Amino acid sequence: METQTDLTLDEIIKKNLNPAQLEEYNRIHYGTKNLDTLRLTDDLTSKCKEKGIDIAAYSFPAGKEELREARKVKIGLIQHSIILPTDKSVTEQRNAIFRKVSELIDIAASAGVQILCLQETWSMPFFLCTGEKERWSEFAESAEDGPSTRFLRKIAEENKMVIISPILENDNGTWWNTAVVIDENGNYMGKHRKNHLPSVGSFSEIGFYDPGNMGHAVFDTKYAKIAVNICYGRHHALNWLMFGLNGAEIVFNPAATISEFGESFWGIEARNAAIANNYFTCSINRVGTEVFTVMTDFKAKKTVSRTYYGSSYITAPNGCRTPALSRVKDGLLVGELDLNLCRQVKDQWGFNMTSRLDMYATELAHATNK
Ligand code: BAL
């Protein structure tokens with residue numbers, strides 16, 4: 001039974017406006033003159049309905065150009081819950097997630113997805129909000145050849161799909177919050193490590209892994225130039241800026257975040273980054289409730305429970321965004337992006353030309369030398 005809090009803002013609006021009001025709302029709020037619904041096959045739609053998977057697909061057309069062909073790419077964002085209780089073995093929990101994600105990626109492949117992004121530390125329960133390491137430390141794995149990378153490399157090759165796999169990396173005893181990029185031939189392409197770590201309320205991740213030391217990599221994949229801004233990095237405008245300056249056309253923001261931790265920011269920050277940096281942004285958040293029994297000061301036990309609100313969405317460089325996926329269901333959001341839109345918006349608005357980066361570089365150097 002769906003409760004009121006299960007509904008996204010989009011679903012509440014849709015339920016309460018008449019068609020004319022809804023059209024005007026979408027025009028002003030989403031800029032939907034640049035967003036078309038992408039048709040999915042009846043078979044895919046009914047399969048997802050039967051399995052309770054929220055699937056949606058949109059296309060972001062660009063203006064027709066005389067000297068350049070359209071550069072269309074199909075991306076997919078997958079949000080999902082964990083399956084087994086967090087007191088099961090690491091292997092059982094991880095394999096259960098592998099089975100679920102494998103099914104969701106099959107659906108994405110059927111929809112023609114070429115670049116797929118999974119959520120933050122997708123192959124484990126998000127124990128980084130519990131303050132306890134030991135119980136779940138074996139979820140931390142090698143970026144280059146750990147279980148999650150090995151599992152996805154085969155799938156990437158079979159489907160000619162670039163896959164972004166955000167994991168908890170164990171690099172010879174040092175942990176990082178890392179996004180691995182696998183190319184369409186199933187080769188390990190590289191990784192990005194989360195630059196900004198939260199220490200807010202129960203989301204104090206600074207005790208678990210180190211701040212990223214790999215800057216702002218842009219991966220020149222077969223389909224597009226992509227980058228990954230992991231979770232809390234969405235709150236840092238300069239983080240977004242650097243990916244753009246390094247040439248990203250699509251920046252993925254895989255997250256694991258809860259309503260108490262700024263849900264009202266969720267629809268703003270990545271959307272603003274797309275507008276300010278003239279690229280596409282893709283926001284992915286997990287769903288479901290995760291319950292942990294943790295030890296406090298080595299004797300008492302306490303229960304930690306966190307509920308994630310999904311709401312994954314895509315924004316184009318012109319600020320046009322999709323409605324969000326479900327707050328409670330596993331989901332796949334497909335976007336057909338014409339990458340020509342990045343330069344068209346750059347040329348139209350001139351944000352690059354008017355950014356005055358030299359001025360800010362001087363002022364930032366001064367401000368940080370105090
Ligand atoms: N994954 C940490 C919670 C947040 O940054 O929203």
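Values in this document were obtained by computation on a predicted structure and should not be read as measured data. Order of listing sets the numbers, starting from 1, for every ligand and every atom in it.
- Judged by the 6.0 Å and 45° rule, Lys191 forms no cation-pi pair with Trp176.
- In this structure, the ring of Trp136 has its center no less than 6.0 angstrom from the ring center of Phe208.
- The Tyr232 neighbourhood of ligand 1 comprises atoms 5 (O), with distances under 4.0 Å to a heavy atom of that residue.
- The nearest heavy-atom contact from the protein to atom 3 (C) of ligand 1 is Phe261 CE2, 3.3 Å.
- For Glu24 and Arg27, the salt-bridge test passes: some basic side-chain N is under 4.0 Å from an acidic carboxylate O.
- Distance from atom 2 (C) of ligand 1 to its nearest protein heavy atom, with residue and atom name: Glu205 OE2, 2.8 Å.
- The distance from ligand 1 to the heavy atoms of Glu120 drops below 4.0 Å at these ligand atoms: 1 (N).
- Counting the atoms of ligand 1 from 1 in the order shown, those under 4.0 Å from a heavy atom of Phe126 are 1 (N).
- Salt bridge present: Asp42 and Arg39 bring a charged side-chain N and a carboxylate O closer than 4.0 Å.
- Within ligand 1, the atoms closer than 4.0 Å to a non-hydrogen atom of Cys231 are 1 (N), 2 (C), 3 (C), 4 (C), 5 (O), 6 (O), numbered from 1 in the order shown.
- Residue contact check: Arg234 has heavy atoms under 4.0 Å from atoms 4 (C), 5 (O), 6 (O) of ligand 1.
- Under the 4.5 Å side-chain criterion, counting only non-hydrogen atoms from C-beta, Val251 is in contact with Trp240.
- Using a 4.0 Å cutoff on heavy atoms, Ala255 does not count as a contact of ligand 1.
- A salt bridge links Glu65 with Arg343: the distance from a Lys NZ or Arg NE/NH1/NH2 to an Asp or Glu carboxylate oxygen falls below 4.0 Å.
- Test Ile53, Asp54, Asp43, Leu40 against Cys48 for side-chain contact (heavy atoms from CB on, under 4.5 Å) and you get one pass: Ile53.
- Annotation: Ala256 places an N or O atom under 3.5 Å from an N or O atom of ligand 1; distance criterion only.
- Among Ile258, Thr257, Leu197, Ile230, the residue whose heavy atom lies closest to atom 6 (O) of ligand 1 is Thr257.
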